[in-house]
Amino acid sequence: QVQLVESGGGLVQAGDSLTLFCAASGRTFSSYGMGWFRQAPGKEREFVAAKGMSGGSTYYADSVKGRFTISRDNAKNTVYLQMNSLKPEDTAVYYCAWSRCGSCSGSYYSRSREYDYWGQGTQVTVSS
């Protein structure tokens with residue numbers, strides 16, 4: 001079992017920055033992949049970013065490349081999503097997720113079904 005708890009969401013203006021946090025417990029954090037997804041009202045869940053095990057690759061959706069950065073601190077069992085230059089279209093509930101694969105491809109990590117555990121989500125709202 002893996003438990004994930006997101007935090008750090010809030011209300012910001014377009015162009016601002018925000019950092020999301022995901023605290024993990026259960027299985028060894030550093031041995032697995034971690035991802036971020038988001039879901040806006042009336043829309044499907046969307047892949048945002050993912051990172052493999054310690055020293056692994058990072059992957060980003062085209063819509064956030066150059067603006068968002070995923071990172072992880074294995075000592076603290078925490079994964080982060082640094083979001084810069086936020087846009088109103090970034091408004092969504094953001095979820096962190098755990099995958100059993102620590103060194104898979106970007107296409108693998110972009111699929112929701114490859115993740116076994118999910119956090120409760122944290123709301124990010126970007127005003128115009």
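The structure presented is a predicted model; accordingly, all values stated were derived computationally and were not measured. Residue indices begin at 1 and follow the sequence shown.
Nearest heavy atom pair, residue G10 against residue L18, reads N-CD2, 3.9 Å. Pairing each heavy atom of P88 with each of S128, the nearest pair is CG-OG, 3.7 Å.
Within 6.0 Å of CZ on R100 lie no more than 12 heavy atoms contributed by other residues, nucleotides or ligands.
V2 and Y94 fall within the same hydrophobic cluster, where Ile, Leu, Val, Met, Phe, Trp and Tyr residues are linked whenever their side-chain heavy atoms come under 4.5 Å apart, directly or through other members. Taken together through direct or relayed side-chain contacts under 4.5 Å among Ile, Leu, Val, Met, Phe, Trp and Tyr, M83 and F47 form parts of separate hydrophobic clusters. A single hydrophobic cluster is seen to contain both I70 and Y117, as judged by linkage of ILVMFWY side chains at heavy-atom distances under 4.5 Å, directly or through other members.
For the ring-ring contact (aromatic ring centres under 6.0 Å, His included) with Y115, the lone residue among F37, W98, W36 that qualifies is F37. The side-chain contact (heavy atoms from CB on, under 4.5 Å) with R38 is formed by just one residue from the set L81, V93, T91, V64; it is V64.
Not one N or O on the side chain of Q120 forms a donor-acceptor pair closer than 3.5 Å with the backbone of V5. Not one N or O on the side chain of T78 forms a donor-acceptor pair closer than 3.5 Å with the backbone of A23. Without hydrogens or angle criteria, R72 side chain to K51 main chain gives a donor-acceptor distance under 3.5 Å.
Between the side chains of Q82 and T19, at least one donor-acceptor pair of N or O atoms lies under 3.5 Å.
Considering OG of S99 and CE of M34, their distance stands at 9.5 Å, rounded to 0.5 Å. Note that CD of E6 and SG of C22 are 5.0 Å apart. Values are rounded to the nearest 0.5 Å. The structure places CG of L20 at 8.0 Å from CZ of F68, a figure rounded to the nearest 0.5 Å. Note that CD of E114 and OG of S107 are 9.0 Å apart. Values are rounded to the nearest 0.5 Å. Remark: S103 OG to M53 CE distance equals 4.5 Å, nearest 0.5 Å. Atom CD of E46 sits about 9.0 Å away from atom CG of D90, to the nearest 0.5 Å.
Ring planes of Y95 and W118: perpendicular class, angle over 60° (limits at 30 and 60°). Taking the six-membered ring where the residue is Trp, Y109 and Y59 present tilted rings, their angle falling between 30° and 60°.
Between K65 and D62 a salt bridge is recorded (basic side-chain N to carboxylate O distance below 4.0 Å).
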* To do: Decide yes or no on side-chain contact (heavy atoms from CB on, under 4.5 Å) for S7 and T122, but give the supporting numbers first.
  => CA-CA 6 Å; S7 62; T122 186; 5.6 Å; no

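Through chains of ILVMFWY side-chain contacts below 4.5 Å, F21 is grouped with Y80.
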